[in-house]
A.B. asks: 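One structure, pasted below without further comment.
First the proteins, then the strands, lettered A, B, ... as listed; each starts at 1.
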Number of protein chains: 2
Amino acid sequence: MIRVLLAEDQAMVRGALRTLLDLEDDISVVCEVGRGDEVVPAARTCLPDVALLDIEMPGGDGIEAARELTAALPDCRVVVLTTFGRPGFLRRAMEVGAAGFLVKDSPVAELAVAIRKVVAGERVIDRDLAAAALAMGATPLSTREADVLRAAADGATVADIARSLYLSEGTVRNYLSNAIGKTGARTRVEAARVAEDKGWL
Amino acid sequence: MIRVLLAEDQAMVRGALRTLLDLEDDISVVCEVGRGDEVVPAARTCLPDVALLDIEMPGGDGIEAARELTAALPDCRVVVLTTFGRPGFLRRAMEVGAAGFLVKDSPVAELAVAIRKVVAGERVIDRDLAAAALAMGATPLSTREADVLRAAADGATVADIARSLYLSEGTVRNYLSNAIGKTGARTRVEAARVAEDKGWL
DNA sequence: GGCCGCGTCTGACGTCTGTCACGCGCGCCG
DNA sequence: CGGCGCGCGTGACAGACGTCAGACGCGGCC
């Protein structure tokens, strides 16, 4: 019997996935959590074989939870499950040791299949998303440019960003200008949006 | 037997909800769609008693689908199901004739209960969301201010907004200034964010 | 009617932003 | 070593942005 931990913030989706998985003869959902910071504590007591983690959760995102989980329980496989394929997430998930990466757009049948594969030691990655990640390539943004764009995304002024990153205002403007050029946008907000969409943040 | 149409863009969630509902003795999911513009055509052939509509869908949002559906098939009850409670959505959903409004944060058990209630003629609204909608009150933004904020949200320049709304640039700046004042923000983007969060758009 | 409040619209003014040109430090390769 | 590319940082300038004061129409109220 495969023991599964289910981490997903929307209770209704979580419950539906639980009943779905419990219908499988060889799979048993041994614990459910709704927050990122509850994953590791729950896993310590439940000792699951597989952890199914959503990325968008309150209390720390699924990537961070995956990192802590693989460190704390190396025998537990991690499958990341997310709403839409930000190729950037895929790369980050792989870096923290996830064994699988599924998108919720896939048919439900793939879920149980993927769980069985990862306990067998395989890696499972959504094929469309893998193609997108390869097609996208690495980010053209430098470290600082990405930092500045992130800070600018929710409407901070140049002065705010300069303070929070300990930079001169002129420097911040320059980074923003570079990022705007590289993304093909015309304003900082547009740049932040396309960078976000392409997984460059 | 209650005939249900299920509209939800994420295939995995849709499939999970379907199996969940099909486990109920008196409920049968008669058709599934993944796009807003497929709702009415599918409903015409399936003739469901209840349509369960997600709001965020490609091909027209769930609110618009609900409006068309209640016009085309007045006997079909509409239940709107959404990820998180934007109180603004609740009001709009009620305006287009929805009989129920659930959030995916609720436990799964409420779903079947709600479906039975709406076919019995009751209205079902998530209680937390109703409280939030009442606590929020009406938007302080005027029509034009909301228009301009919406247009500014994704990084358009003043000139773009002015063209798309057939206004002078000075006027657009003035609306933005008003909106920034009313939202307590300091930039247009911040204003768009808080307005969005409070359901004022 | 006279008045006030409100939403809508416009132009003018100071500040902030985006762009450009340039300097610095560092790793790399001929 | 000298040059070269690259990321990082700074200052100056045109243009866009946010703010202000004001005009017009409209409905409500004394």
A.B. asks: So if I take residues 175-192 of chain A and measure heavy-atom distances to DNA chain C, which residues fall below 4.0 Å?
C.D. replies: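 Leu176(A), Ser177(A), Arg188(A) - these, ordered by number, are the residues of the stretch whose heavy atoms sit under 4.0 Å from the strand.
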A.B. asks: What is the minimum heavy-atom distance between Ala42(B) and Val33(B), and which atoms define it?
C.D. replies: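 Result for this residue pair: CB-CG1, 3.6 Å.
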A.B. asks: Does anyone know the first and last nucleotide of DNA chain C in reach of chain B, 5' to 3', at under 4.0 angstrom to a heavy atom?
C.D. replies: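 Going 5' to 3' along DNA chain C, contacts run dT8(C) to dG11(C).
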A.B. asks: On a plain distance test, is the side chain of Asn174(B) in donor-acceptor contact with the base of dT19(D) below 3.5 Å?
C.D. replies: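 Absent.
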A.B. asks: Within the structure provided, determine whether Phe101(B) and Leu129(B) are in side-chain contact (heavy-atom separation under 4.5 Å).
C.D. replies: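 When only atoms from C-beta onward are counted, Leu129(B) and Phe101(B) do touch, with a gap below 4.5 Å.
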A.B. asks: Out of curiosity, Leu141(A) CG to Asn178(A) CG, how far, rounded to the nearest 0.5 Å?
C.D. replies: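 If I round to the nearest 0.5 Å, the distance is 9.0 Å.
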A.B. asks: Quick one: side chains of residues 112-124 of chain B, donor-acceptor pairs under 3.5 Å with protein atoms, not counting sequence neighbours, listed by atom name and distance.
C.D. replies:
residue: Arg116(B); atom: NE; partner: Asp26(B); partner atom: OD1; Å: 3.4
residue: Arg116(B); atom: NE; partner: Asp26(B); partner atom: OD2; Å: 2.6
residue: Arg116(B); atom: NH2; partner: Glu24(B); partner atom: OE1; Å: 2.7
residue: Arg116(B); atom: NH2; partner: Asp26(B); partner atom: OD1; Å: 3.0
residue: Arg123(B); atom: NH2; partner: Ala98(B); partner atom: O; Å: 3.4

A.B. asks: Take the protein atom CD of Glu145(A) and the nucleotide atom P of dG7(D), then report the distance between them rounded to whole Å.
C.D. replies: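 It is 8 Å, rounded to the nearest whole Å.
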A.B. asks: Have a look at Arg144(A) and say if it touches a base, only the backbone sugar-phosphate, or nothing, with a 4.0 Å heavy-atom cut-off.
C.D. replies: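 Result for Arg144(A) = sugar-phosphate.
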A.B. asks: Does dG7(D) have OP1 or OP2 sitting under 4.0 Å from an N or O in the side chain of Thr143(A)?
C.D. replies: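 No, outside the criterion.
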A.B. asks: Counting only heavy atoms and a strict 4.0 angstrom limit, can you tell me which residues of residues 155-163 of chain B come near DNA chain C?
C.D. replies: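 The answer is none.
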A.B. asks: So do Tyr175(A) and Leu149(A) actually touch side chain to side chain, heavy atoms under 4.5 Å?
C.D. replies: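 Not in contact.
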A.B. asks: Using modelled atom types only, decide if a donor and an acceptor are shared between the side chain of Gln10(B) and the backbone of Met12(B) within a distance under 3.5 Å.
C.D. replies: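 Looks like no, no N/O pair under 3.5 Å.
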A.B. asks: Nearest 0.5 angstrom please: Asp9(B) CG to Ile55(B) CD1, how far?
C.D. replies: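 Spacing of CG (Asp9(B)) from CD1 (Ile55(B)) equals 12.0 Å.
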A.B. asks: Using a heavy-atom cut-off of 4.0 Å across all strands, would you classify Thr171(B) as base, sugar-phosphate, or nothing?
C.D. replies: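 It contacts base atoms.
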A.B. asks: With axes from five pairs an end, tell me the bend angle of the helix from dG1(C)-dC30(D) to dG30(C)-dC1(D), nearest 10°.
C.D. replies: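 Computed angle between terminal axes is 10°.
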A.B. asks: Show your working on side-chain contact (heavy atoms from CB on, under 4.5 Å) between Val96(B) and Val78(B) and close with a plain yes or no.
C.D. replies: CA-CA 10 Å; Val96(B) 300; Val78(B) 171; over 6 Å; no
A.B. asks: If a pair satisfies side-chain hydrogen bond (donor to acceptor under 3.5 Å, both in side chains) and one of its residues is in residues 179-188 of chain A, list it, with sequence neighbours excluded.
C.D. replies: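 Passing the test, one end in residues 179-188 of chain A: Glu145(A)-Lys182(A), Arg186(A)-Asp160(B).
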